[in-house]
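Only heavy atoms go into these numbers, but all of them, side chains included; no hydrogens, no water, no symmetry mates.
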Amino acid sequence: MVKTPDEIALMRISGRLLASVFEMLDRQELAGMSTLAVNDLVERFITEDLGARPASKGQYGFKFVLNCSINEVVCHGVPDADTIIRDGDIINLDITLEKNGFIADSSKTYMVGTVAPAARRLVRVAQEAMWQGIRQVRPGAHLGDVGAAIERHARKNGYSVVREYCGHGIGREMHEEPSVLNFGRPGTGATLREGMTFTIEPMINQGTRRVSTADDGWTVVTDDGKLSAQFEHTVAVTATGVEVLTLRTDETPPARRN
């Protein structure tokens, strides 16, 4: 799924708009809000302020514009008027946006109020693991390099990596080839080529990597009830390395080590 320079230019627009959604959320006081209220806030911002389409709404029958995954919820948490975000929670907000026919996908785990040191450490390592994966992206590298770097960083810090869910190609469709696993062996998997676009989105667990799906058919939780954290960016392979299409203004990507 190699994109042309014109297509990547359009994806860059979608990515920048999606980054602005997170920058808007950064200014909100999440404690005390219901997850449905956050969903509705994001929907209004995407549609009214940005003139874009929330790409998750209606995808696979999903009725909302984001996933909101609190504490032991790994991914695909469903917005709900009765689920209130509390001081001390960690919550991943996973949001997609379509503009000019191209989709961007990103997520961030927010630490709400006073968060326990163990939870803060998990969130930090999950974000670092994402960047470790992103740093591997360049023409000629392999997808296995990305997954191996993510898993190595997580395990080095005493955490596990969820294997049932992974990153994916993205463009005109939300989910395109290839699958971008969060584990692997260096030098294996698809060879990266300039113009490929995909997401990198490790889900890092405090305890076991094993997960289960709740009765609603969406919400995925850790089997042991321990915390999980996730970060995600949409990236493009460039001639010399990688461009993070959903990069936020408060982020500085770490330099690649030679």
Side-chain angles (χ1 to χ4, degrees), residues 1-26 46 50 52 55-56 66 92-100 102-110 123-143 145-150 153-154 166-182 190 192-204 229-258:
M1 291 291 185
V2 173
K3 309 297 190 297
T4 68
D6 287 345
E7 289 174 326
I8 289 181
L10 292 174
M11 290 192 68
R12 192 176 291 118
I13 293 170
S14 299
R16 179 66 211 122
L17 291 176
L18 183 53
S20 74
V21 177
F22 287 96
E23 290 159 2
M24 177 274 292
L25 287 168
D26 290 345
I46 291 175
L50 302 182
S56 296
L66 56 78
N92 178 268
L93 298 176
D94 190 344
I95 307 170
T96 63
L97 178 152
E98 180 267 320
K99 183 75 173 180
N100 301 317
F102 285 90
I103 297 171
D105 188 359
S106 187
S107 85
K108 175 179 179 178
T109 296
Y110 285 86
V123 172
R124 174 179 59 79
V125 171
Q127 187 172 31
E128 291 170 350
M130 176 193 67
W131 285 116
Q132 290 286 339
I134 290 172
R135 281 167 49 177
Q136 309 308 309
V137 177
R138 60 189 180 278
H142 295 265
L143 283 178
D145 302 336
V146 175
I150 289 169
H153 189 72
C166 62
H168 49 86
I170 191 169
R172 291 189 181 275
E173 301 294 333
M174 175 99 69
H175 296 115
E176 300 178 351
E177 292 297 327
S179 294
V180 183
L181 304 181
N182 297 311
L192 302 185
R193 298 166 53 196
E194 181 182 359
M196 293 176 72
T197 55
F198 48 86
T199 70
I200 295 177
E201 47 180 302
M203 286 148 266
I204 308 300
Q230 178 189 9
F231 285 84
E232 175 185 11
H233 273 311
T234 297
V235 305
V237 184
T238 68
T240 58
V242 62
E243 178 181 357
V244 181
L245 299 175
T246 47
L247 189 72
R248 299 183 291 276
T249 56
D250 65 335
E251 293 181 300
T252 302
R256 178 184 286 115
R257 294 173 183 167
N258 295 322

Distance, nearest 0.5 Å, that separates CG of L97 from CG of L66: 12.0 Å
Member of T238, D145, I200 meeting the side chain to side chain contact (heavy atoms under 4.5 Å, CB included) criterion with V137: I200
How far apart are the C-alpha atoms of E201 and F231, what are their side-chain angles, what is the distance that settles it, and do they pass the side-chain contact (heavy atoms from CB on, under 4.5 Å) test? CA-CA 6 Å; E201 47 180 302; F231 285 84; over 6 Å; no
Quick one: do M196 and V2 satisfy side-chain contact (heavy atoms from CB on, under 4.5 Å)? Show the steps, please. CA-CA 4 Å; M196 293 176 72; V2 173; 4.0 Å; yes
With sequence neighbours excluded, what pairs up with E194 under the salt bridge (Lys or Arg N to Asp or Glu O under 4.0 Å) test? none
Are the side chain of T199 and the backbone N or O of H168 linked by a donor-acceptor pair below 3.5 Å? yes
Assess, by modelled atom type and distance only, whether the side chains of T234 and T246 contain a donor and an acceptor separated by less than 3.5 Å. no
Are more than 12 heavy atoms, taken from residues, nucleotides or ligands other than E173, located less than 6.0 Å from that residue's CD atom? no
Under 3.5 Å, is there a donor-acceptor pair between the side chain of Q136 and the main chain of Q132? yes
Check whether S14 reaches the backbone of K99 with its side chain - one donor and one acceptor, N or O, closer than 3.5 Å. yes
When rounded to the nearest 0.5 Å, the distance separating CE of M203 from CG of N92 is 9.0 Å
Please give me the minimum heavy-atom distance between P202 and A129, naming the atom from each residue. CG-C, 4.3 Å
How close do S107 and F22 get, heavy atom to heavy atom, and via which atoms? CA-CZ, 3.7 Å
What's the separation between atom OG1 in T109 and atom CG in D94, rounded to the nearest 0.5 Å? 9.5 Å
Could you pull out all residues at least two apart from E251 that satisfy salt bridge (Lys or Arg N to Asp or Glu O under 4.0 Å)? R248
I need the D105 CG to M174 CE distance, nearest 0.5 Å. 6.5 Å
With rounding to the nearest 0.5 angstrom, report the CG to CE distance, N182 to M130. 11.5 Å
Give the minimum heavy-atom separation between E7 and K3, together with the two atoms involved. OE1-CA, 3.3 Å
How close do A52 and E98 get, counting heavy atoms only, and between which atoms? CB-O, 3.5 Å
Which residue, T249, L50, L247, forms the side chain to side chain contact (heavy atoms under 4.5 Å, CB included) with R16? T249
CD1 on I8 to CG on L245, rounded to 0.5 Å: 7.0 Å
Over 12 non-hydrogen atoms of neighbours within 6.0 angstrom of CZ in R193: no
When every non-hydrogen atom of S56 is compared with those of T96, the smallest separation belongs to OG-OG1, 2.6 Å
Would you call the rings of W131 and H233 parallel, tilted or perpendicular if under 30° counts as parallel and over 60° as perpendicular? tilted
So, for I204 and A154, which heavy atoms are closest and what is the spacing to 0.1 Å? CD1-CB, 3.9 Å
Show, in sequence, the C-alpha distance, side-chain angles and deciding distance for T197 and M1, and conclude whether the side-chain contact (heavy atoms from CB on, under 4.5 Å) test is met. CA-CA 7 Å; T197 55; M1 291 291 185; 6.0 Å; no
